Amino acid sequence: MLNGLSWQYTNIFSIAILQLVVLAILARLLTPEAFGLVGLAMIFVGLVNSFSQLGVGPAIIQFSELTQNHVRAGFTLTVILGCMMTIAVWTAAPLIAKVVDNEEVVGILRWLSFTFVVTSFGTVAEALYVRGLEFNKLAWVDVGSYLVGYALVGVIMALLGFGVLSLVAAMLGQGLIRSLMLLLLNRHPIKPLFSLFHSRKLLHFGGGYTLAGIMNYIANVEDNFIIGKTLGVGALGLYARAYQLMQLPATYFGLAIQKVSLPALSKLQDDIPRFARTYFTSAAVVVLVCIPLTVLVVVIAPEIVAVLLGEKWSGVVDPFRILGLGIFFRTAYKIDHSTSSALGAVYKRSLVDFTYAVAVLVAAVTGLRWGISGVAAGVLFAIILNWVLSVSLSLRLLKRSWAEILHLMGPGLILGSVVALIALPARFTLVNAGSPAVIVLTLTPLLSALGLLAIVATKPRVLGAHGVLVLRAVLDAAPVRFVPRLIRQWAGTKLKEV
């Protein structure tokens with residue numbers, strides 16, 4: 001798991017850096033309306049994508065006994081489904097344009113519909129890599145496809161003046177390059193197999209997983225649809241950038257744990273005591289990382305927006321700050337998603353996601369009277385509710401109590417308080433001194449990180465039992481040449497005292 005996580009985080013940080021650079025470039029070359037139009041089209045593309053493969057990939061990952069016939073049947077299913085989804089979206093594009101009351105969406109939707117075909121060829125190959133915890137190969141695929149397919153294509157076309165089509169071409173390019181790389185690196189059997197027996201087994205688990213994914217996706221785009229329909233694509237462009245910035249840490253840190261924990265926990269589905277220990281340790285890691293990060297993002301939100309997006313995006317600051325409060329909750333529930341999937345409770349999970357979708361709808365509509373900041377506040381409430389319901393499901397499956405969850409949150413709250421005590425006065429001092437936004441954005445996190453390092457170095461027990469356990473495992477697993485002697489000496493004395 002540590003090896004898989006290390007490669008996932010290498011992948012994530014590389015992609016995150018590339019995304020920030022590309023986002024900063026495209027934000028200066030394209031208008032908020034361009035991002036808003038693509039965001040409006042992606043609401044429906046993403047919805048179709050959430051059930052386009054009917055959970056075949058996750059089923060391949062979760063199965064305790066996987067055969068070559070499962071692989072062949074899965075590949076056949078995904079390609080057929082991909083073609084069907086392309087035809088469906090192409091045909092329905094004019095109807096969708098009428099729903100959103102924007103004719104410009106038709107062309108965007110029809111071009112984006114081809115993503116279903118190009119990505120379907122790589123679905124099974126990716127699932128096999130994840131099942132085998134071969135995240136080193138996936139890292140090269142993800143970075144290479146984003147750099148060549150998305151960044152290069154998108155930026156060049158934006159410089160040439162293609163406007164919104166730059167974003168469309170970038171998405172298509174990334175999907176095509178990714179599938180080609182997956183197929184070339186993982187030469188699994190691709191001979192078609194039309195087997196009712198194998199397909200039914202894949203679709204039974206995949207159907208529940210897909211249902212949960214659809215509900216979760218609806219919850220994630222309802223706010224975009226409501227804003228785009230009522231407040232316009234300009235407001236949607238601002239809100240979407242605020243949500244994207246919030247999701248960078250939430251999605252990528254949580255996604256790494258979710259992607260690695262699903263195959264790992266699936267191997268423990270018949271050993272609940274070990275399963276539970278792994279669950280609580282994973283949850284503790286999210287607490288230790290995301291609570292301090294949440295505090296830091298809320299404090300320096302204005303500088304993040306100014307440096308990454310530019311001054312014309314100042315309207316993003318308030319909704320970003322509100323949504324930033326949900327970073328921990330938006331990340332932590334992904335552990336619970338893996339838990340329910342690994343234990344086969346996908347239909348119970350879908351009920352939680354349905355409740356989440358209803359909560360987002362009600363909260364977003366209620367918050368409309370206060371503009372995009374009001375919608376952001378409503379969505380924050382729904383995100384917290386989703387976390388509570390997700391944790392409750394995991395605890396029922398594992399027959400454990402909320403007291404254990406609340407206990408492991410203590411160390412994270414302490415570290416978050418340390419960040420607040422450092423970051424707030426540091427930012428206040430730098431801003432009052434007239435420091436440029438980039439200086440504030442650099443020094444405030446740096447000072448906060450140094451403060452946390454000082455606390456952990458002198459009092460490692462502040463990390464809690466799970467945190468110390470993970471830190472020991474990381475230091476033991478890391479090659480000696482990568483761990484400075486001073487840190488090894490510190491671990492040999494301070495950590496042994498805990």
Side-chain angles (χ1 to χ4, degrees), residues 46-64 74 123 127 130-131 200-222 247 250-251 253-272 275-276 278-280 282-283 286 326 328-363 379 381-402 404-405:
L47 175 60
V48 176
N49 187 59
S50 64
F51 62 84
S52 63
Q53 305 303 326
L54 289 179
V56 171
I60 287 174
I61 296 169
Q62 195 267 349
F63 276 8
S64 55
T123 300
V130 174
R131 179 183 173 88
R200 187 169 59 241
K201 288 197 68 176
L202 288 168
L203 294 177
H204 175 71
F205 176 90
Y209 190 94
T210 299
L211 183 59
I214 292 171
M215 293 297 104
N216 190 266
Y217 179 76
I218 291 174
N220 289 335
V221 300
E222 284 174 314
Q247 275 195 312
T251 298
F253 178 69
L255 187 62
I257 294 182
Q258 181 181 352
K259 205 162 188 176
V260 174
S261 62
L262 176 56
L265 290 174
S266 294
K267 298 177 187 298
L268 301 176
Q269 57 187 288
D270 297 322
D271 189 348
I272 296 301
F275 193 115
T278 304
Y279 168 79
F280 282 108
S282 301
V286 174
F328 164 71
F329 304 102
R330 188 74 179 81
T331 305
Y333 93 94
K334 294 183 181 295
I335 297 292
D336 302 286
H337 193 283
S338 292
T339 297
S340 56
S341 298
L343 294 175
V346 286
Y347 290 96
K348 293 180 180 179
R349 176 73 216 179
S350 66
L351 181 59
V352 172
D353 287 320
F354 172 76
T355 306
Y356 177 37
V358 173
V360 171
L361 176 62
V362 174
V379 170
F381 167 79
I383 288 172
I384 296 173
L385 175 64
N386 181 49
W387 173 75
V388 172
L389 295 175
S390 299
V391 173
S392 298
L393 175 59
S394 295
L395 295 176
R396 287 198 303 273
L397 292 172
L398 299 174
K399 296 180 173 58
R400 307 298 281 265
S401 70
W402 264 98
E404 294 175 86
I405 292 291

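Since the model is a prediction, treat every value here as computed from it, not as a measurement.
- With rounding to the nearest 0.5 angstrom, the OG1 atom of Thr339 is 9.5 Å from the CG atom of Leu395.
- By the 4.5 Å heavy-atom criterion applied to side chains, Ser392 and Trp402 are counted as neighbours.
- Minimum heavy-atom separation, Ala357 to Ala219: CA-CB, 3.6 Å.
- Summarising the geometry of Ala382 relative to Val360, their closest heavy-atom pair is CB-CG2, 3.5 Å, with the distance given to 0.1 Å.
- Put simply, the side chain of Ser350 gets close to the backbone of Tyr347: a donor and an acceptor are under 3.5 Å apart.
- Taking OG from Ser340 and CG from Leu393, the interatomic distance works out to 5.5 Å, rounded to the nearest 0.5 Å.
- Interatomic distance, CZ of Arg330 versus CG of Asn386, reported as 8.0 Å (0.5 Å rounding).
- With rounding to the nearest 0.5 Å, the separation of CG in Leu389 from OG in Ser394 is 11.0 Å.
- In this structure the side chain of Val352 never reaches within 4.5 angstrom of the side chain of Tyr333, judged on heavy atoms.
- How far CD1 of Ile335 is from CG of Leu265: 7.5 Å, rounded to the nearest 0.5 Å.
- Heavy-atom minimum distance, Ala276 versus Leu398: CA-CD1, 4.2 Å.
- Applying the side chain to side chain donor-acceptor pair (under 3.5 Å) rule to Arg400 yields the partners Glu404; only residues at least two apart in sequence or on another chain are considered.
- Annotation: side chain of Phe280 is in contact with side chain of Ile405 (closest heavy-atom distance under 4.5 Å).
- Residues meeting the ring pair (Phe, Tyr, Trp, His ring centres under 6.0 Å) test with Phe329, sequence neighbours left out: Trp387.
- In this structure Asp353 satisfies the salt bridge (charged side-chain N to carboxylate O under 4.0 Å, His left out) test together with Arg349, sequence neighbours excluded.
- Residues Leu385 and Tyr356 have side chains not in contact (no heavy-atom distance under 4.5 Å, counting atoms from C-beta outward).
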